[in-house]
2 protein chains.
Amino acid sequence: MDAAMKTTLIAAVTLAALTHAHAAAAAEATRTMGEVLAASKPSDWRPLDPENTLYMELAAGRVIIELAPGFAPKHVANLRALVREQYFDGLAITRSQDNFVVQWGDPDNRKPLRQAKRTIVAEFTRPAAGLAFTVLPDPDTYAPQTGFVAGFPAAREAEQGSAWLTHCYGMVGAGRDNEADSGGGTELYVVSGHSPRQLDRNITLVGRVVRGMELLSATPRGSGSMGFYEKAEQRVPIKQIRLAADVPAQERANLELLRTDTATFADVVEARRNRRDEWYKVPAGRIDVCNVPLPVRTIRPHE
Amino acid sequence: MDAAMKTTLIAAVTLAALTHAHAAAAAEATRTMGEVLAASKPSDWRPLDPENTLYMELAAGRVIIELAPGFAPKHVANLRALVREQYFDGLAITRSQDNFVVQWGDPDNRKPLRQAKRTIVAEFTRPAAGLAFTVLPDPDTYAPQTGFVAGFPAAREAEQGSAWLTHCYGMVGAGRDNEADSGGGTELYVVSGHSPRQLDRNITLVGRVVRGMELLSATPRGSGSMGFYEKAEQRVPIKQIRLAADVPAQERANLELLRTDTATFADVVEARRNRRDEWYKVPAGRIDVCNVPLPVRTIRPHE
């Protein structure tokens with residue numbers, strides 16, 4: 001018996017001990033994620049829609065955020081209005097709380113709005129009906145079902161119940177006060193630690209950072225309450241936030257994201273549930289929604 | 001019906017929909033974590049054992065790590081030998097990979113050892129029998145049971161099966177190469193992103209950062225493969241790592257940690273499973289092992 005076979009058998013026994021319904025998968029997973037992606041087809045990938053993409057320009061570089069109009073259409077519309085009013089330009093990252101969130105907005109809370117709204121109705125959940133929901137096979141602590149919708153990590157109660165985006169690392173939400181309808185997008189946060197899933201269904205998620213997360217996550221932690229910076233000079237200035245559609249084509253990023261409704265994505269999930277890397281001795285046999293990679297690649301302009 | 005009562009009822013209905021065994025708890029949780037801690041007794045808290053505490057001194061400040069001899073006795077003994085040989089003094093943080101780990105050790109891999117060993121036998125799991133295991137009530141994606149042992153997040157197959165520490169944010173482990181027994185503590189890492197639970201039972205966890213995590217987690221991400229720094233000047237120097245027992249008493253930190261085998265800790269867990277803060281509209285009714293806070297407080301020297 002060679003070492004790889006032995007590892008597979010040990011994994012299968014462990015999975016059986018965990019009474020896992022997909023034990024056979026351990027023996028079937030024969031590729032690493034890298035191998036799966038290398039064999040992907042062009043049609044497995046999608047471009048970012050410029051109408052649903054924000055570019056946040058910092059001195060350190062660009063953060064790219066994909067918006068989720070399928071879950072938060074009113075917030076996304078308001079965010080488009082905010083950035084077209086240059087609302088965020090000259091504002092700052094005001095908060096970095098370790099193992100929780102990085103937040104940005106108006107530290108003085110007095111920048112005027114024109115067409116955009118300061119508060120709009122909450123979009124914590126939506127009907128699951130009609131969503132193309134790629135279901136993950138493994139149990140989740142917080143929701144009956146988790147999976148992916150159009151590239152975003154999500155959960156739902158049932159096929160005909162409600163659905164919502166999940167607070168995974170890199171997800172972007174609209175801060176609010178105590179009232180449910182007190183947010184609107186003027187204060188945004190990104191999850192920068194272990195997934196705070198208790199926030200699910202309590203606050204409106206509007207999108208996800210797809211490039212440049214390290215420019216936000218490595219910001220020095222604020223020493224004030226809840227990680228707010230205590231001194232103005234500690235804040236990280238935002239040069240501007242623009243909608244990609246409003247940026248000249250030659251200044252746009254050429255990114256493609258792996259579609260989450262493809263066989264290739266299912267193979268990525270399986271490759272990560274049961275790692276084939278030589279390093280792993282006991283494949284987990286499972287994966288939680290926030291540990292599934294959502295591959296992004298840069299394409300050359302001529303492609 | 002007042003708003004609080006309404007929220008409680010909505011929460012109870014949601015929990016029932018999730019077929020949760022502890023639905024009644026939502027109605028019972030009447031205190032926030034802050035209120036629970038404010039009412040704690042002195043006996044709910046424990047000091048750090050100086051023989052199981054490391055002080056990692058950086059230019060930015062001190063990182064305090066509690067070691068876990070109950071799970072990794074051989075690694076902890078080797079770490080004591082390493083720090084007593086001043087092995088880490090003058091070495092550096094060499095890697096910061098976004099949403100994964102920060103790692104430190106000898107970038108040149110040539111610092112000599114005296115009594116300490118470079119590699120020792122793996123300590124991925126241990127028998128669950130004999131462990132005082134505080135069980136969490138909620139399902140976990142990766143393990144049949146999760147909970148806490150002597151202040152550390154942990155999992156077990158069953159009361160008589162195997163047990164292991166879980167890769168939550170702030171957990172510290174001993175890096176290794178492909179062979180299971182190729183680690184020993186000369187390379188250490190700390191989890192700095194969403195819990196990479198696929199590492200559980202694949203690598204030896206040796207402890208947990210209890211103070212100063214932000215000094216590690218906010219390090220600039222390395223641009224090399226796997227987040228390694230590509231240039232020597234990007235590394236963060238380690239002044240020294242010492243065992244608290246070897247530090248003069250007046251230079252030690254006066255920390256106390258909440259015992260995880262107390263009624264107060266159970267109340268903390270319940271307060272976080274069902275948030276009473278006015279901000280929350282739908283209490284999760286559940287919590288995963290890596291979202292449970294492990295309170296630490298500074299005591300005044302005369303206490």
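What you see is a predicted model, and the numbers here were worked out from it, not measured in a lab. Sequence lines set the chain letters: A, B, ... in the order given, protein chains first and strands last, and positions in each chain run from 1. FYI, side chains are in, hydrogens and waters are out, and symmetry mates aren't considered; it's all heavy atoms of this structure.
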Worksheet item: How long is the gap from OG on A:Ser223 to CD on B:Glu214, to the nearest 0.5 Å?
Response: 10.0 Å
Item to complete: Under 4.5 Å heavy-atom distance to chain B, tell me which part of A:Asp277 shows up: side chain, backbone, both or neither.
Response: neither
Discussion item. Which heavy atom of A:Asp98 sits nearest to which heavy atom of B:Tyr169, and what is that distance?
Written reply: OD1-OH, 2.9 Å
Practice prompt. Might you work through the side-chain contact (heavy atoms from CB on, under 4.5 Å) test for A:Gln198 and B:Asn291, ending with a clear yes or no?
Written response: CA-CA 9 Å; A:Gln198 72 278 2; B:Asn291 265 328; 3.8 Å; yes
Worksheet item: Which atoms form the tightest heavy-atom contact between A:Trp279 and B:Ile203, and what is the distance?
Response: CZ2-CD1, 3.6 Å
Discussion item. Between A:Ile287 and chain B, with a heavy-atom cut-off of 4.5 Å, which part of the residue counts as in contact: side chain, backbone, both or neither?
Written reply: both
Fill in: Side chain, backbone, both or neither of B:Thr219 within contact of chain A (heavy atoms, under 4.5 Å)
backbone
Fill in: Minimum-distance pair of heavy atoms, taken over all atoms of B:Thr141 and A:Asp140
OG1-CA, 3.8 Å
Worksheet item: Taking every heavy-atom pair that is under 4.5 Å apart, which of B:Arg176, B:Arg221, B:Arg197 has the most such pairs with chain A?
Response: B:Arg176
Worksheet item: Closest approach of B:Asn202 and A:Lys281, non-hydrogen atoms and distance?
Response: OD1-N, 2.6 Å
Discussion item. With chain A as the partner, which of B:Leu136, B:Thr146, B:Leu199 has the greatest number of non-hydrogen pairs under 4.5 Å?
Written reply: B:Leu199
Worksheet, complete the sentence: For B:Ala218 and A:Pro220 the tightest heavy-atom approach is CB-CA, 4.3 Å
Worksheet entry | Proximal component of A:Ser195, with respect to chain B [non-hydrogen, under 4.5 Å] | both
